[in-house]
Structures are given as C-alpha cells and as structure tokens.
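Because only heavy atoms are used, hydrogens play no part in the values below, and waters and symmetry mates are left out as well, while side chains stay in.
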Amino acid sequence: MEFFCYHRDRAGSAALRAELVEDHWAYMDGFAAELIARGPTFGAGGEVPTGSVHVVDLPGPAAARAFAFDEPNYQAGVYRDVLLRRWRNLLGRTMWEFPGGRSGGDRYLVLGLGPVHTTGGAGDGDGDGDGGGVGVGPGLPPRTDPGDLIAFGPLLSDDGARWIGTAALVRAADPERALGALDPVRYAGAEVHEWEFGGRR
C-alpha cells in the first residue's frame with residue numbers, strides 16, 4: 001500500500017535539521033526497500049529547505065502514521081505539519097529508475113489538492129464529469145512528457161475509495177511548466193516547490 005508523506009518545515013528550523021541529518025538518514029535506511037521516492041523541498045533559489053518528501057510502500061495506514069511521526073526530525077520539532085495520504089504509483093517505478101538520473105534540469109514537487117473540474121475527457125471514475133469525489137483519480141498528464149515524470153499518482157482517502165488530490169515529482173524548465181503535470185484537472189489549490197533527489201550524500 002503506497003503512501004505520500006510531506007513533512008513541512010517549521011520556520012527557523014534549518015540549523016536543527018542540519019544537526020539531525022545523520023539521524024534522519026539512519027531512520028530512512030530502515031525503509032530502503034520500501035521507498036519509492038524521497039527528497040527535500042526548498043524555497044525560491046534552492047537554498048533553504050522547506051520540507052521533506054517520502055513516497056513509501058507500507059502495510060497500511062497505521063504503519064504509515066508510525067513512519068511519519070516516529071521520524072527523528074518530526075520528534076525533534078523540525079516540522080510544523082505533515083501531509084500523509086494514500087497514493088497510487090501510476091508510473092510503476094521508483095525515482096531511482098527515472099531515466100533522467102539524479103541531476104540535470106530543475107525538479108519540482110507539484111501538489112493539486114481538491115480536484116474540482118476536469119476537461120478533455122479525463123475523469124475521476126464516478127461518471128459526473130466534475131473530476132472530484134469517488135474514483136481512482138487522474139491518468140497520466142497528456143501535456144507533460146512522460147520522460148519528465150519522476151513520480152506521479154493520485155492522493156487518496158485511507159480506504160483508497162476517494163480521490164482527493166494529485167502529487168507529482170517532475171522535471172521542468174520552470175514552476176509554471178511544472179504545474180502542467182496537473183492538467184487537465186483543475187484543483188481548489190495547487191502548489192509547486194523546488195525539489196531534489198534525496199538520500200545520503
């Protein structure tokens with residue numbers, strides 16, 4: 001069962017995050033076989049960390065909550081909040097299998113929260129054409145080169161029956177083009193964050 005976990009940093013916690021980096025890596029070493037994608041997000045300019053993304057395959061919601069809340073940075077107060085949702089891996093691979101490799105081009109985390117409208121024939125599976133509610137979520141974005149998708153899938157309710165958003169890791173020339181990974185669905189809210197491949201350096 002796949003989960004998307006995004007810890008968002010508390011303001012002013014960069015020094016504490018740096019102090020705990022080995023503890024964080026050691027914790028994630030215990031999930032090496034389960035991780036689908038990982039890496040930090042950054043503010044504009046790519047200097048100051050703003051959060052940490054982990055996409056992980058775990059037995060169920062209880063295991064996912066333990067994964068998110070036992071993490072050393074969370075326990076120490078680095079993070080201000082956590083977005084934790086079931087997710088579905090539409091690419092069927094991990095970020096380490098991304099053809100573009102660890103570096104080259106700008107990479108982004110793109111979040112679409114609260115799907116409200118769909119155009120161009122894509123739907124949510126419930127037959128009403130609104131792009132929201134019960135259903136498995138979107139297909140792959142038609143106007144984004146699949147070769148630029150590092151990870152892509154719908155955010156789901158705990159029981160997997162309701163589509164509540166989309167999370168993607170994408171290579172793009174700029175944030176506006178990165179948002180194209182959400183097309184053709186429209187969302188109540190959308191976010192783009194600079195992101196890079198994570199793991200031990």
Query raised in the report: Are Trp96 and Arg38 close enough, and set up right, to give a side chain to side chain contact (heavy atoms under 4.5 Å, CB included), and what steps lead you there?
Result: CA-CA 10 Å; Trp96 294 277; Arg38 65 186 291 190; 4.0 Å; yes
Requested in this report: Evaluate the side-chain proximity of Leu140 to Leu149: yes if any heavy-atom separation is below 4.5 Å, no if none is.
Outcome: yes
**Report entry** Check ion pair Arg162-Asp159 (N to O, under 4.0 angstrom)
**Finding:** no
Report task. Inspect the surroundings of CD in Glu176 and state if more than 12 heavy atoms from other residues, nucleotides or ligands are less than 6.0 Å away. Result -> no
Requested in this report: For atom CD of Glu47, decide whether the heavy atoms of other residues, nucleotides or ligands shown that lie under 6.0 angstrom number more than 12.
Outcome: no
Requested in this report: State, with a plain yes or no, whether a side-chain heavy atom of Val110 is found less than 4.5 Å away from one of Leu179.
Outcome: yes
Report summary line: Closest non-hydrogen contact found for Ala178 with Val192 is CB-CG1, 4.2 Å
Query raised in the report: Does the Glu2 side chain pair with the main chain of Val55, one donor and one acceptor, at a distance under 3.5 Å?
Result: no
Requested in this report: Please check if the side chain of Asn73 supplies one atom and the backbone of Gly77 the other of a donor-acceptor pair under 3.5 Å.
Outcome: no
Query raised in the report: Can you tell me how far CZ of Phe152 sits from CG of Leu182, rounded to the nearest 0.5 angstrom?
Result: 7.0 Å
Requested in this report: Evaluate the ring planes of Tyr187 and Trp163, with Trp represented by its six-membered ring, and classify them as parallel (under 30°), tilted (30 to 60°) or perpendicular (over 60°).
Outcome: perpendicular
Query raised in the report: Residues sharing Val21's hydrophobic cluster, by side-chain heavy-atom contacts under 4.5 Å among ILVMFWY, directly or via others?
Result: Trp25
Query raised in the report: Is the shortest distance from a Lys or Arg side-chain nitrogen in Asp9 or Arg80 to a carboxylate oxygen in the other one below 4.0 Å?
Result: no
Requested in this report: Sequence neighbours left out, what passes side-chain contact (heavy atoms from CB on, under 4.5 Å) with Glu196? Give chain and number order.
Outcome: Pro40, Phe42, Arg201
**Report entry** Minimum heavy-atom distance Pro138-Thr166, with the two atoms named
**Finding:** CG-OG1, 3.6 Å
Query raised in the report: Under the salt bridge (charged side-chain N to carboxylate O under 4.0 Å, His left out) rule, what pairs show up with a residue in residues 58-71, not counting sequence neighbours?
Result: Arg65-Asp158
Requested in this report: Not counting sequence neighbours, which residues clear salt bridge (Lys or Arg N to Asp or Glu O under 4.0 Å) with Arg85? List them please.
Outcome: none
Query raised in the report: Between Asp183 and Thr144, is any pair of side-chain heavy atoms under 4.5 Å apart?
Result: no
Query raised in the report: Where is the tightest heavy-atom contact between Phe67 and Tyr27, given as atom of each residue plus distance?
Result: O-OH, 2.9 Å
Query raised in the report: How long is the span from the CH2 atom in Trp195 to the OH atom in Tyr108, to the nearest 0.5 Å?
Result: 13.0 Å
Query raised in the report: Are side-chain heavy atoms of Arg107 and Val170 found at a separation under 4.5 Å?
Result: no
Requested in this report: Compare every heavy atom of Leu16 with every heavy atom of Ala76, then report the nearest pair and how far apart it is.
Outcome: O-CD2, 3.5 Å
Query raised in the report: Side chain of Glu194, backbone of Gly46: donor and acceptor closer than 3.5 Å?
Result: yes
Requested in this report: Calculate, to the nearest 0.5 Å, the distance between atoms CZ and CE belonging to Arg200 and Met28 respectively.
Outcome: 11.5 Å
Query raised in the report: Between His24 and His7, is the ring centre distance below 6.0 Å?
Result: no
Query raised in the report: How would you list, by chain and number, every residue that makes a side chain to side chain donor-acceptor pair (under 3.5 Å) with Tyr6, sequence neighbours excluded?
Result: Thr41
Query raised in the report: What pairs with Arg8 under side chain to side chain donor-acceptor pair (under 3.5 Å), at least two apart in sequence or on another chain?
Result: Glu191
